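Here the structure is a predicted model, which is why all the values come from computation and not from measurement. Here is the naming used below: chain letters follow the sequence lines, and residue numbers restart at 1 for every chain.
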Protein chains: 2
Amino acid sequence: MELSFVEENYLKAIYQLELENPSGVSTTALAEKTKTKPASVSDMLKKLAQKELIFYKKYQGAKLSKSGLQAALLVIRKHRLWEVFLVKHLSFAWDEVHEVAEQLEHIKSNLLIKRLDQFLGYPKEDPHGDPIPNENGEIIEIPKILLSDFTTGKKAQISAVKESSPLFLQYLDKIKAGIGSNIIIQERIAFDNSLEILLDDRTLYISEEVAKNIYVTED
Amino acid sequence: MELSFVEENYLKAIYQLELENPSGVSTTALAEKTKTKPASVSDMLKKLAQKELIFYKKYQGAKLSKSGLQAALLVIRKHRLWEVFLVKHLSFAWDEVHEVAEQLEHIKSNLLIKRLDQFLGYPKEDPHGDPIPNENGEIIEIPKILLSDFTTGKKAQISAVKESSPLFLQYLDKIKAGIGSNIIIQERIAFDNSLEILLDDRTLYISEEVAKNIYVTED
DNA sequence: ATATTTTTTTAGACAAGCCTAAAACTTAAA
DNA sequence: TTTAAGTTTTAGGCTTGTCTAAAAAAATAT
């Protein structure tokens, strides 16, 4: 089935919200993510359910069906492959890629994506540390721990970022934090939940908000 | 001004038809090119004129304005740069690129197109021999002579193709005719206007239809 | 258990682009 | 020059996806 640009965006949004809330995605959350109003979302959920891309009962939120998940992961695959291309070959900074990849992800051509994957050397992760689904829509979601939830004193590495807005990524560049950087929480400041961290042997302080948008894996 | 996908396609179509008929583009021709109906074209011409992208008087056909021309050439620039990318780096065959480039040409990002151009080494022509407009929308339309109109006996080279449908391009591949191939018309067959040609030292016969879709430049 | 607040859905409109059918205009032919 | 044929435009409708305002349902608080 041929999906529209808009339908693809909804499926992708549902996928992302479902990761954080596996019990079902609310209309409001979806409206926020897709930058529309709840009423518009209601309409669209009805249509997606009609096409059997999601499970949806009125007032009960939405969940992706098998085919909906497949479609969502294919869009995400394309998005992330394009991000790799932009960063590795067109020297985009990691904070510049998102907007363009949002457009490129909707290009319809199996051959294109196959050849792009080959050209890039079958990358496993995008520039933000997120895994790239394979051509069958299989993805290995690496268990991600938010830095804000991580144990004080343990060695870890930055494995991905949650936010990918330019402002946040530029801040990370500024403090020289990137995918793979070594990190240890040295102390939690009870007052505002900010953290004193050791980042590649430099001591610095980051806010709770920042810590909530960095994923780490234990060393 | 931000143009829609559809508007960009109309402007591109008008540009292409205007090349062949500089006195103005008819509604019917445009409908054919954009695969819509004349009534839809009438509507759209009104809107494009409103936005001052074209000059348009009822029943008098359309012509691109300065800004319309600029927009059309930017779309064509993007189309042709993407074609080069697909052929040179993703090993697409020249008959496979068109459909994908039709989508890629609408991606909106100045940075992207700038970086792509750089990545490709500032190419001057696309894989079909057509010139690529520069970033200011300037294009050098090389004087093209149709093979069907060319002098018998004179040496020439294939410089571009008019048609770029897969079937036609595959036929050219089959007879090993490509951009740059040497060609001489040996004899015109009066019966059906077919041609006996010498193509890179091989003698063969091609139909008038084929000869009408190959551009040559005198040696 | 009831009342209030919040969330979600429905109803009715709107814009972009497309269509068909009919009317208006232009061009070509008689 | 009048008629016929062809082209273009208008009128009215349809679809997709959006919106606001109002109604309905669910969640929360009293």
Worksheet item: Tell me: CG of Asp43(B) to C1' of dG13(D), nearest whole Å?
Response: 12 Å

Response to the item:
Rounded to whole Å, the NZ-C1' distance (Lys51(A) to dT15(D)) equals 12 Å

Fill in: Spacing of Leu45(A) atom CG relative to dT10(C) atom P, expressed in whole Å
11 Å

Worksheet item: Below 4.5 Å, heavy atoms only, C-beta onward: do Tyr205(B) and Leu195(B) meet side chain to side chain?
Response: no

Worksheet, complete the sentence: Of the listed dT9(C), dT10(D), dG17(D), the closest approach to the Pro38(A) side chain comes from dT9(C)

Worksheet entry | Residue pair Ser165(B) / Glu163(B), side-chain donor-acceptor N/O under 3.5 Å | yes

Discussion item. Check the phosphate of dT15(D) against Lys47(A), side-chain N and O only, distance under 4.0 Å to OP1 or OP2. Yes or no?
Written reply: no

Fill in: Lys144(A) to Tyr215(A), cation-pi by 6.0 Å centre distance and 45° axis angle
yes

Item to complete: Extract the stems that DNA chain C is part of, considering only consecutive pairing runs of at least three Watson-Crick or G-U wobble pairs, both distances under 3.5 Å.
Response: C:1-30 with D:1-30

Response to the item:
DNA chain D nearest-nucleotide lookup for Tyr59(A) and Thr36(A): closer to the 5′ end is Thr36(A)

Worksheet, complete the sentence: Of the candidates dT16(D), dT9(D), dC19(D), the side chain of Ser40(A) sits closest to dC19(D)

Worksheet, complete the sentence: Out of dT10(D), dT9(C), dT18(D), minimum distance to the side chain of Val6(A) belongs to dT18(D)

Fill in: Whole-Å gap separating P (dA24(C)) and NZ (Lys57(B))
22 Å

Fill in: OP1 or OP2 of dC18(C) under 4.0 Å from side-chain N/O of Lys35(B)
no

Practice prompt. Could you tell me whether Tyr10(B) and Phe5(B) have their ring centroids closer than 6.0 angstrom?
Written response: no

Practice prompt. Please state whether the phosphate of dA26(D), meaning OP1 or OP2, lies under 4.0 angstrom from any side-chain nitrogen or oxygen of Lys58(A).
Written response: no

Discussion item. Just the rounded figure in Å: distance from P of dA16(C) to CZ of Phe5(A).
Written reply: 18 Å

Worksheet item: Which residue lies toward the 5' end of DNA chain D, Gln60(A) or Glu7(A), if each is placed at its nearest nucleotide?
Response: Glu7(A)

Discussion item. Under 3.5 Å, is there a donor on one side chain and an acceptor on the other for His79(A) and Asp126(A)?
Written reply: no

Discussion item. Using OP1 and OP2 only, check whether a side-chain N or O of Thr27(A) sits under 4.0 Å from dT9(C).
Written reply: yes

Fill in: Nucleotide nearest Ala39(A) (side chain, heavy atoms from C-beta), chosen from dA16(C), dT9(C), dT20(C)
dT9(C)

Worksheet entry | Under 4.0 angstrom between Ser26(B) side-chain N/O and dT7(D) OP1 or OP2 | no

Worksheet item: Hey, does Leu146(B) have a side-chain heavy atom less than 4.5 Å from the side chain of Ile214(B)?
Response: no

Item to complete: Could you list all the side-chain hydrogen bond (donor to acceptor under 3.5 Å, both in side chains) pairs where at least one residue sits in residues 36-46 of chain A, not counting sequence neighbours?
Response: Thr34(A)-Thr36(A)

